[in-house]
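Heads up: the structure comes next, in C-alpha cells.
No experiment lies behind these values; they were computed from the predicted model shown. Quick note on labels: first sequence line is chain A, next is B, and so on, each numbered from 1.
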Amino acid sequence: MPTFAMFRFIALCWRPASPAQEACARQWAQALQQAGPWRTALRIAGLQVYVRDERPGGPRIHALPGNQGVILGQLFRNGSDASTGDAVQALTPAEADRVIHSEGRSLTCDFWGRYVAFLPSWTNEPRVLRDPSGLLPCFRTELDGVGLAFSWLEDVVAALPLGPRLSVDWELLAALMLRGSLSGRYTALREIQQVLPGELTGLLGTSAAARPLWSALDIARSPVEWPGPEAAQQLRHTVVRCVQAWASCHDKILLRLSGGIDSAIVLSSLAQAHVATRRIACLNYYSAGADSDERFYARLVASHVGCRLIEQARNTQLRLSDMLNVALTPTPASYLGRMGTGIIDARIAAETGADVMFTGSGGDQVFFERRCDWPAADYLQQHGLSRHFLRVVVEAAHLGRVSVWQCLQHAFQGRSRAEPAWDRGPMTRQASLAALEQVERAVHPALADAADLPIGKFHQLAELTTPGECHDPYLRAAAPALVMPLRSQPVVEMSLRTPTYLLTQGGTGRALARRAFAEDLPAALLARRSKGGTGEHVRDVLDNQRELARTLLLEGRLMQAHILDRRRVQAALADRPSADAVHPGDLHNAMAVEAWLRQHERLTTGRSG
Amino acid sequence: MGQPGVQRPALHALLIHDLPMPHPAADVQYRLACHVRACRIGNQVILLDLLRNQYVGLAGAPLDPLVHAVAGWPPGTDDSRLAGSPAACEATIGRLLRRGWLAPGGDAPWPEPSLEPAQHSVEESDAGTSVAGLLPLWWSTAVTAWWLRRYSLFAIQDRILRLRGPDRLADASASIVMAQLVNRYRRLRPFGLTTHDRCLHESLTLLHLLSRNACFPRWVIGVRTQPFAAHAWVQSGSLVLSDLHENVRRYQPILVV
C-alpha cells in the first residue's frame, strides 16, 4: 500500500521552575525521539515543539525571530492585493514582528491557511493558536503536570504513558451519536480537549484560559448586503483565489469529482486559476442505486474543463472488519464518507503521482444548501417589513417547500419557533434524552452567545463551527492528504457575512454559487436540483456484513452502557419490517464508535477487543 | 439520526412475521382483497390496506410459496415449491383472511396498471404564470385536502379514476403540456400549500390540477425498507412530475392509479 506524508506535531510544555516537570518533559522528549523521526521546531525554556513527516508543498515550519514562537503549517497572505496566492515561504521581519506583538491576532487577519502557532506570552506561558479554519487538528492535555499539544493522539499514546489514563466520556459519546459531531472543546475522552479554531489557548493548568482571536460569530453579526451582481463576483473571486492558493502547493492533484456542484466548482476554479489540466486527475465513484450514479454529470464537467476522469465502482463486498483497526482519536470518526474508497483513493493518487486529494467538502454549508424557509425570518430580522420582504418570503417558501402563509408565520416566530425533535435512531430513549442535556459541552461555546443571530445564519454558523477531518483514522499515512478549499477561511468568512436570503436568492439552494459560476459550469449541472447519495450502497454493505454488525452492536460496550436499544438494533439487523426509523447509516456510525471503543479498551487495559 | 425533524410517513406499519411454511401443492383459492395492494422488497412483502390507510410488513422465509396459493401475491426470486403442512398454510392464510387482507376466490381482482421506470424529471423553466392560476390551485388544494380528511385511500383511488376523462394516454405532446403545467404549478405552489413532508397532498393536488387541463398521469405510491418509508408522486410515462426522478427511484411502487 502506498504511503503519504501525514504531517503531525507534538508540543511539550512545563513550568521551568518545577524540576519535577522539567525532568518529566526531558524523559518524554527522549521517548518521542525513540518512537519516531521527530524534528525539533522550537526549543525554549518550558516549551519544546516537534514535527514529523513534512513534505515539499506541505505544512512547514515558520520560526519567529528570537525564539519567540513557531508557526507550523501552510500560510497564504490575505488582502485584495495579495499576489499569486502562493504559499508563504517565509514571513518578512515586519510580518513576524506583527505576529509577536499582536500575540497572534495579525496571523488571523493578514494570513489564512492551515496552521497552528506556538506563541509564548511575555511571561513565557506556553500558548497555542489554531487557525480559524481548523483544518489542522490541535488537541491538548496534561500528563503529570506537563502540558501536551498534538495533532494525532496515536503519536502521544505510542511514546508516552497516556493511554491507560484515558477515560471515555459516555455522555458526550451519546451526544456525538445523536448530533453527528462535537464542535466544542470537549472530546469523547475526558482528559483530551480540542483547541477551538481561532483561539489562543494556554497549555498549562486545568483552567487554561482560551481567548478567541477570530470569531465566526462576530463575522456573522456583520452582514454585508452586496449590491447587484457584486455578491456573485466576490464569491467567485474568493473561491478561485483559495483554490489557486492550495493548488500552488502541489504538482499533481487528484480531485474527488462527485458529479455535484461543489466539486465541479472546485474543478472549475482550478481551471480558472490556470492550473494545467495535465496536473489534475478527477475521480468519480458510482454504484447501483437511485441516486448513486452521477457519472453523467461528472463526465460533463470533466470534459467541459478538459480533465482526465477516472470512474470507479464502489465495492459492496468490502470488509468492514478492516475498520476495527481504527486509530484512537479523541473523538470517534465515521467511516461512511470513506467506506471502501480510502484504499482506492490512495492507489489512484499513487498512480497519478498526486500526494493530495481535493474535495468539494463544505459546499453545502458555505453555499447554503438546506431545505428550509429561514431566509425570510433572517430578512425580517435584518430589515423589518421593507419592500423586498414579500419577495423574500416567496423565495423562502420555494426553498423550504412550504406555503407563503406558513413561511410568514415562521418568519414572525423567528428564533422562538420550536426546534424539531431529534431522531434517536438505534439509541435508547434514556440515552438520547441524556445526550440532549449535554448541548453546552457538545457544541461550540459561541453558539450559546448567538441568541441575537437570525435563525438561518445561526444554523449556518453551527454547521461551520465543526471543522472537517483532514486525517484518515483508518488508513492513517496510507491516505493522501485531504484539501478542502471550500472550508478555507476567506470562503467561510464571505459566506458568514452574506445573508442567507442572498445566498438563496431566487428560492434555490446554492443560488448565489450557481450565479457566481454560471459562465464556468455546464448548464445541465447548474440546473441540477437533485443530490447524489450512497444510501443503497450503505445498505448493501451492511446487508453483506450482518453477522459482524450483530456481534459488534449486540455484544458491544454501547449496548452494555445502555446507549443502544437492543430491540431496535435487532429489528434493524433482522431484515424484517420495522416502523423504527433506524437507518443503515446509523448502524454503521454505531459500529464505528464500537470499533473506537475497542481500541480504547485495548490501550487502557492491554486486552484485545 | 443526527438530523432533527426527520419525518416518518403518516401511515404507520404493523408487523407480522415468522409465517409458517404453506403447503406447496395448494391450488390458488385466494386472492388479495380488492382494497389491498402488495409489493415485494427483498425478503419482505409490504401490504397496503387502502381502507385502513395502513401498511403491513411481512417477513419470514416461506413467503415465496404463497404466490401459488394467493392470486396477486408478489413473487419472490426463488419460486420453488417448499414442503410444509397444509395446516400451517391454512393457519397463515386464515390469519390474513381474518384481518381482511385476503378474500376467497383465485381471480385477480383488479387490472395491473403498468408503470415505466422513472428516468426524467420536469426541468425548471419560466412558466409565465398569472394570478388567474391561483384559483384553480386553491380549488384543487381544497378538494384534495377534503379527500384526505374524509376518505380512505381506497375511496380516493376511486375519485381519481372518476377524474379521468375519455381514454387519453400520455404521449409526447401531452408530456410537453404537462411539463408546462407543472412549472406553472411550481411557481404558484407557495401560494397554495406546503409540500414539505406532505407528498400525499401535493401529489393529489397536482393530479387534480392536471386533470382539469385534460391531462391524466398516474398517481403512484411507493415504499421502501430499512427503514420503512412511503412516498407518493405523479408520473407520466418515465417522466416524474411532482418530484425528482432520483428521489422516487428509491421506492418500490405498490399502488399505481
What distance separates [X] [atom1] from [Y] [atom2], expressed to the nearest 0.5 Å?
X       : Y       : atom1 : atom2 : result
K531(A) : N247(B) : NZ    : CG    : 12.0 Å
R528(A) : E246(B) : CZ    : CD    : 6.0 Å
R371(A) : H196(B) : CZ    : NE2   : 7.0 Å

Could you work out, with salt bridge (Lys or Arg N to Asp or Glu O under 4.0 Å) as the rule, every residue matching R250(B), not counting sequence neighbours?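 In terms of salt bridge (Lys or Arg N to Asp or Glu O under 4.0 Å), with neighbours along the sequence ignored, R250(B) is linked to D291(A).
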
Where the side chain of R529(A) meets the backbone of E123(B), is there a donor-acceptor pair that is under 3.5 Å apart?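 Checked: no pair found.
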
Using the side-chain contact (heavy atoms from CB on, under 4.5 Å) rule, pick out the option among L573(A), D543(A), V582(A) that qualifies with Q226(B). D543(A)

With salt bridge (Lys or Arg N to Asp or Glu O under 4.0 Å) as the rule and sequence neighbours excluded, what pairs involving residues 220-243 of chain B come up? none

Is L244(B) in contact with chain A via its backbone, its side chain, both, or neither, using a 4.5 Å heavy-atom distance?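 Answer is side chain: those atoms of L244(B) sit under 4.5 Å from chain A.
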
Is it the side chain or the backbone of E202(B) that comes within 4.5 Å of chain A heavy atoms, both, or neither?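 Just its side chain gets close to chain A.
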
For T195(B), which residues count as a side-chain hydrogen bond (donor to acceptor under 3.5 Å, both in side chains) partner, sequence neighbours excluded? R401(A)

So which of S181(A), S530(A), A527(A) has the largest heavy-atom pair count under 4.5 angstrom toward chain B?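 The residue among S181(A), S530(A), A527(A) with the greatest pair count is S530(A).
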
Under 4.5 Å from a heavy atom of chain B, the part of R539(A) involved: side chain

Can you find a heavy atom in the side chain of W405(A) that is under 4.5 Å from one in the side chain of T194(B)? no

Give me the contact list for residues 134-145 of chain B versus chain A, heavy atoms only, anything under 4.5 Å, ordered by residue number. none

